[in-house]
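What follows is a structure written as structure tokens; I'll ask about it next.
Labels below follow one simple rule: chain letters A, B, ... track the order of the sequence lines, proteins then strands, and each chain is numbered from 1.
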Protein chains: 2
Amino acid sequence: MKAAYLGPPGTFSEEALLTALPDVEPIPYTTERAAILAVDGGGADVAVVPIENSIEGGVTGTLDTLAHDAPGVSIAGEIVVAVTHRLLVRAGTKLEDVRAVVSHPQALAQCARFLDAELPRAERIAATSTAEAVRDVGASGEPRAAIGTALAGQLYGCEIAREGIEDEPGNQTRFVVVRRTADVVAAQGAGPFKTTVLFAGAGDAAPGWLVRCLSEFAFRGINLTKIESRPRKRRLGHYLFLLDCDGRADAEPVAGALDGLRGHCEEVRVLGSYSSSGA
Amino acid sequence: MKAAYLGPPGTFSEEALLTALPDVEPIPYTTERAAILAVDGGGADVAVVPIENSIEGGVTGTLDTLAHDAPGVSIAGEIVVAVTHRLLVRAGTKLEDVRAVVSHPQALAQCARFLDAELPRAERIAATSTAEAVRDVGASGEPRAAIGTALAGQLYGCEIAREGIEDEPGNQTRFVVVRRTADVVAAQGAGPFKTTVLFAGAGDAAPGWLVRCLSEFAFRGINLTKIESRPRKRRLGHYLFLLDCDGRADAEPVAGALDGLRGHCEEVRVLGSYSSSGA
């Protein structure tokens, strides 16, 4: 089974993929969009892409591709991964000799207090991904360190100098497993289940429209775990909403809420019902 | 008056700033966050920063800085700018000789169909901003083109080869004018007015909490023009909401809705009431 993920090899996405689906053939793509379109177009059987991070928020490349450009796919599962950063060096490099720290700007920012305390004079260098940073440090003759994953360290010949160097504990990324809708059987497992719905209204400019939509869930006691607005790409002031709720779309009470929602909206689309990770 | 904006010189942010506030001294900052913090800390009197684009959605650097890190500032106004892209070259460069097109990846993406039709064999090269791209092309001896603003063309010695090369018309960016709260007098002008409110609930996990919050506006016939969720940066599943509505916070019906909202929330903060641009 071919599994598309956000590359290059050694990213958090590949770690998440291999944790959830250890027996697949991982294929790296350069964007979340390209990974999802590979499934939609038949070039891969499944994609694992980040959809939300507890600090950075929604991953717009994933949200917008699911909303606009990949009508043939569904969300078949979710994976929540604790984001923990490691400082990686080439074997033999001592921390006191390190002159530069390389990583994705978000990773550098998330470890800023550690770096200021432990490597105050090392230059910070931006890379396009944490995996690229580790590859760079593994190939460089300079005394450098990278912030990245353990998997990238193995791939690119670096060893772990320090673990858990992020400033804030509790950083988590939620990934979704994307498959062709035709390949998804009804939500599997014992539950609890979660459903992701997209909706947009012709009448979305009227006062109270969003309340009427959300009331379909509230009246039925359905818990919403997430709501996100995204542009409809027409002009400012036109949005669609992506909502996560507890329960499955093919059973009450969610099925009734979706029927009610259709009465208020121009477009309602279930992006998937799947086993909830609890996040 | 010192005005902070998202640099370098020649960006859409500087164009928006100079359109709205022609008599200020523009000071470029490298991030939206740094521009807002300059106002909060007293290093600048006003900042003009993008908050939303009709294709890309919310600008998280602006939203999160206003929500978490700049307690002393308010939104004092908004500016909506139509985003139109220009193809810029050094004087004398012919389009048929162009071997590479340089711009911010978003600008390259927004002009993809034009580039595929008119410059199918030119390499696409990413720059950190449209202004950097124009500066690069102005300084290069190579036959290159940049996608950028007319202002950047003037600054960096390039001329306009083609105008309006974006694939989708209607691309707009909304900027906010940020000032220290102590410097903002009550919302000025004849209106109509718009209010931006942040709210977050201790009880945000209970079914119906968001409906109860939004109902305070719906019951009073107040139109919501935007709602956006952002992480509270604790762990997944904890969000705050940023809401734009018609009307001003110091007059009914919005004042009453805010009183009602406080009854449901751990935190309610008015980020500003200001003249609406109509978007």
**Request:** Select, from Ala218(A), Pro231(A), Ser215(A), the one with the greatest count of heavy-atom pairs under 4.5 Å involving chain B.
**Result:**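 Result: the option with the highest number of such pairs is Pro231(A).
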
**Message:** Between Asn223(A) and Pro207(B), is there a side-chain heavy-atom distance shorter than 4.5 Å?
**Reply:** yes

**Message:** Please enumerate all residues that pass salt bridge (Lys or Arg N to Asp or Glu O under 4.0 Å) together with Glu166(A), with sequence neighbours excluded.
**Reply:** none

**Request:** Can you tell which part of Leu214(B) gets under 4.5 Å to a heavy atom of chain A, answering side chain, backbone, both or neither?
**Result:**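 Both backbone and side chain of Leu214(B) come within 4.5 Å of chain A.
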
**Portion of Ile227(A) that has a non-hydrogen atom of chain B nearer than 4.5 angstrom** =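 Contact with chain B is through both the backbone and side chain of Ile227(A).
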
**Message:** Let me confirm one number: the CD-CZ distance from Glu228(A) to Arg230(B), rounded to the nearest 0.5 Å.
**Reply:** 7.5 Å

**Prompt:** At their closest point, which heavy atom of Leu236(A) faces which heavy atom of Gln172(B), and how far apart are they?
**Reply:**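 Closest heavy-atom pair between Leu236(A) and Gln172(B): N-OE1, 3.3 Å.
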
**Asked** So which bits of residues 49-58 of chain A come within less than 4.5 Å of chain B, counting non-hydrogen atoms only?
**Response**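 Checking residues 49-58 of chain A against chain B gives Glu52(A), Asn53(A), Ser54(A), Ile55(A), Glu56(A), Gly57(A), Gly58(A).
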
**Prompt:** In terms of heavy-atom contacts, does CZ of Phe114(A) have more than 12 from other residues, nucleotides or ligands at under 6.0 Å?
**Reply:** yes

